[in-house]
Amino acid sequence: MSDNIQTVTVLSKTTWTPNLFSFTVSRPDSFKFTAGQFVRLGVNPSQLKYYQQVEASDEALNEDIFRAYSIVSSPFDEVLEFFSIVIPDGAFTSQLQHLQVGDELLLNTMPFGFLTLARYQKPLPKDLWLLATGTGLAPFLSMLQDLKTWEDYEHIVLAYSARSTDELAYVEQIERLQDDFGSLVDNPAKLIFIPIVTRETVDGALSERLPKLLLEGTLQARAGIDLDFDTTHVMLCGNPDMVDDTKEALKTLGLVMNRRGEGNIAVENYW
């Protein structure tokens, strides 16, 4: 086993829908990461309690399977939290859905990814837009549990899109973020949370896809803030179609990709 691979223990599991769940694991003392980064998690299905309990261990794969996962928790938390979707035919998530407290996973302690606020050198921080679908919410929750985010910006817009109300996970936590973290700094950013539900009509939620909401100005109107080349940082994380289409919509509105520290738009491409 590589020196970077450590065993971690599942501490809790939260089921949001039959296909969405979160879980926490122990955090190795030496492990450090920046809010927005991801890690590679590993599971050996044959070692999960589920297979031992149903006496089906012979049917379980006896090999380590690794996948990339953004970290939900703050860089300063004592545990690590992850947000997962179940892909029925997925070699990894179809196994991970069977997780139970006490199960062991493998953690590659080398963090990856550049979807971090440190990448922005120009424009200077003022308005931060975090646009997410599904489990793409994870890195943004990590950022919003980092006090520096609240110190550096004036406005933070979190637009979170799901197909149904049930799939809007973490809403209660999001609604507490201003009090739980913003209240700990002087002159904190104002958090503007905009839920989007695309396949149901829900009071208080928008209903179109993010690219359309941006191009029509609906998202900006709800936020009460314009997208401005000189003041806006925009981060995208979620399904590839959303990322690609929203990126193009933002370019149409005059924003540019962040390259070598300069520019408005940052995306994560590990999916």
Using a strict threshold of under 4.0 Å (side-chain N to carboxylate O), is an ion pair present between Glu248 and Lys251?
yes
Residue set satisfying side-chain contact (heavy atoms from CB on, under 4.5 Å) with Val171, at least two apart, ordered chain then number -> Leu168, Glu175, Phe193
Under 3.5 Å, is there a donor-acceptor pair between the side chain of Asp226 and the main chain of Asp228?
no
May I ask you to test the Thr149-Phe181 pair for a side-chain heavy-atom distance under 4.5 Å?
no
With rounding to the nearest 0.5 Å, note down the distance linking CG in Asp146 to OG in Ser73.
11.5 Å
Determine whether Asn264 and Pro123 make a side-chain contact, defined as any pair of heavy atoms from C-beta on separated by less than 4.5 Å.
yes
His98: partners by ring pair (Phe, Tyr, Trp, His ring centres under 6.0 Å), with sequence neighbours left out
Tyr50, Tyr51
Gln145 side-chain N/O to Val72 backbone N/O, donor-acceptor pair under 3.5 Å
yes
Has the side chain of Glu262 got a donor or acceptor atom that lies under 3.5 Å from a matching backbone atom of Arg259?
no
In terms of heavy-atom contacts, Phe66 and Arg40 come closest through O-NH2, 3.6 Å
4.5 Å side-chain heavy-atom contact, Gln6 and Pro28
yes
Indicate the atoms forming the closest heavy-atom contact of Ser84 with Thr135, along with that distance.
C-CG2, 3.8 Å
List the steps, then state whether side-chain contact (heavy atoms from CB on, under 4.5 Å) holds for Leu158 with Leu191.
CA-CA 7 Å; Leu158 174 61; Leu191 177 62; 4.3 Å; yes
State yes or no: do Phe33 and Val79 share one hydrophobic cluster built from I, L, V, M, F, W and Y residues joined by side-chain heavy-atom distances below 4.5 Å, directly or via other members?
no
How long is the span from the CD atom in Glu81 to the OG atom in Ser70, to the nearest 0.5 Å?
12.5 Å
Measuring from Arg199:CZ to Ser164:OG, what's the distance to the nearest 0.5 Å?
9.0 Å
Here the pair of heavy atoms bringing Leu214 nearest to Gln220 is O-NE2, 3.0 Å
Do Leu11 and Val8 sit in one hydrophobic cluster, given that two such residues count as connected whenever their side-chain heavy atoms are within less than 4.5 Å of each other, even indirectly?
no
Any side-chain heavy atom of Ile225 within less than 4.5 Å of one from Val157?
yes
Is it true that, when you exclude Arg67 itself, more than 12 heavy atoms of the residues, nucleotides or ligands shown sit nearer than 6.0 Å to its CZ?
yes
Is there a side-chain contact between Met242 and Leu210 in this structure, where contact means two heavy atoms from C-beta onward sitting under 4.5 Å apart?
yes
Are Ile265 and Leu253 joined in one hydrophobic group, where the rule is that I, L, V, M, F, W and Y side chains link up if heavy atoms are under 4.5 Å apart?
yes
Between the side chain of His233 and the main-chain N/O of Lys126, is any donor-acceptor distance below 3.5 Å?
no
Counting only pairs under 3.5 Å, give me each side-chain donor-acceptor contact of residues 14-26, with atom names and distances, residues two or more places apart or in other chains.
{"residue": "Trp16", "atom": "NE1", "partner": "Ser22", "partner atom": "OG", "Å": "2.7"}
{"residue": "Thr17", "atom": "OG1", "partner": "Asn19", "partner atom": "N", "Å": "3.1"}
{"residue": "Thr17", "atom": "OG1", "partner": "Leu20", "partner atom": "N", "Å": "3.1"}
{"residue": "Ser22", "atom": "OG", "partner": "Tyr170", "partner atom": "OH", "Å": "2.7"}
{"residue": "Thr24", "atom": "OG1", "partner": "Ser12", "partner atom": "N", "Å": "3.2"}
{"residue": "Thr24", "atom": "OG1", "partner": "Ser12", "partner atom": "OG", "Å": "2.6"}
{"residue": "Ser26", "atom": "OG", "partner": "Thr9", "partner atom": "N", "Å": "2.9"}

Specify the closest pair of heavy atoms between Pro75 and Ala35, including all atoms of both residues, with the distance to one decimal.
CG-N, 3.6 Å
Contact between Leu227 and Val234 at the side-chain level, heavy atoms closer than 4.5 Å - yes or no?
yes
Matching residue for Val43 among Leu48, Asp64, Thr93, Asp103 - test: side chain to side chain contact (heavy atoms under 4.5 Å, CB included)
Leu48
Working to the nearest 0.5 angstrom, can you tell me the gap between Arg176 CZ and Leu144 CG?
13.5 Å
What is the distance from atom OG of Ser74 to atom CE of Met143, rounded to the nearest 0.5 Å?
12.5 Å
Here the pair of heavy atoms bringing Trp129 nearest to Ala223 is CH2-CB, 3.7 Å
Kindly indicate whether the side chain of Phe82, heavy atoms from C-beta on, has any atom under 4.5 Å from the side chain of Leu41.
yes
Could you check whether atom CD of Glu78 has more than 12 heavy atoms from other residues, nucleotides or ligands sitting under 6.0 Å from it?
no
Asp77 and Arg27: CA distance, side-chain angles, deciding distance, salt bridge (charged side-chain N to carboxylate O under 4.0 Å, His left out) verdict:
CA-CA 9 Å; Asp77 277 349; Arg27 178 175 179 168; over 6 Å; no
My understanding is that only residues two or more places apart in sequence, or in another chain, count here; which of them pass side-chain hydrogen bond (donor to acceptor under 3.5 Å, both in side chains) with Arg222?
none
With side-chain contact (heavy atoms from CB on, under 4.5 Å) as the criterion, how do Val197 and Ser207 come out once you've worked through the C-alpha distance, each side chain's angles and the decisive distance to 0.1 Å?
CA-CA 5 Å; Val197 181; Ser207 60; over 6 Å; no
Exercise answer: donor-acceptor pairs, residues 105-117 side-chain atoms, under 3.5 Å, sequence neighbours excluded:
{"residue": "Asn108", "atom": "OD1", "partner": "Met110", "partner atom": "N", "Å": "2.9"}
{"residue": "Thr109", "atom": "OG1", "partner": "Asn4", "partner atom": "O", "Å": "2.9"}

Taking atom NZ as the centre, does Lys13 end up with more than 12 heavy-atom neighbours from other residues, nucleotides or ligands that are less than 6.0 angstrom away?
yes
Please assess Asn44 against Asn62 for the test side chain to side chain donor-acceptor pair (under 3.5 Å), listing each intermediate value before the final yes or no.
CA-CA 6 Å; Asn44 183 318; Asn62 185 17; 3.2 Å; yes
Could you tell me the separation between the OG atom of Ser94 and the CD1 atom of Ile65, rounded to the nearest 0.5 Å?
7.5 Å
Which residue in the set Leu219, Leu213, Val267 passes side chain to side chain contact (heavy atoms under 4.5 Å, CB included) when paired with Leu131?
Leu219
Minimum heavy-atom separation for Val39 and Phe31, please, with both atom names.
CG1-CZ, 3.6 Å
Can you find a pair of side-chain heavy atoms, one from Val256 and one from Phe229, that are under 4.5 Å apart?
yes
Residues clustered with Val101, ILVMFWY side-chain links under 4.5 angstrom:
none
Proximity of Phe92 and Tyr69 rings by center, below 6.0 Å
yes
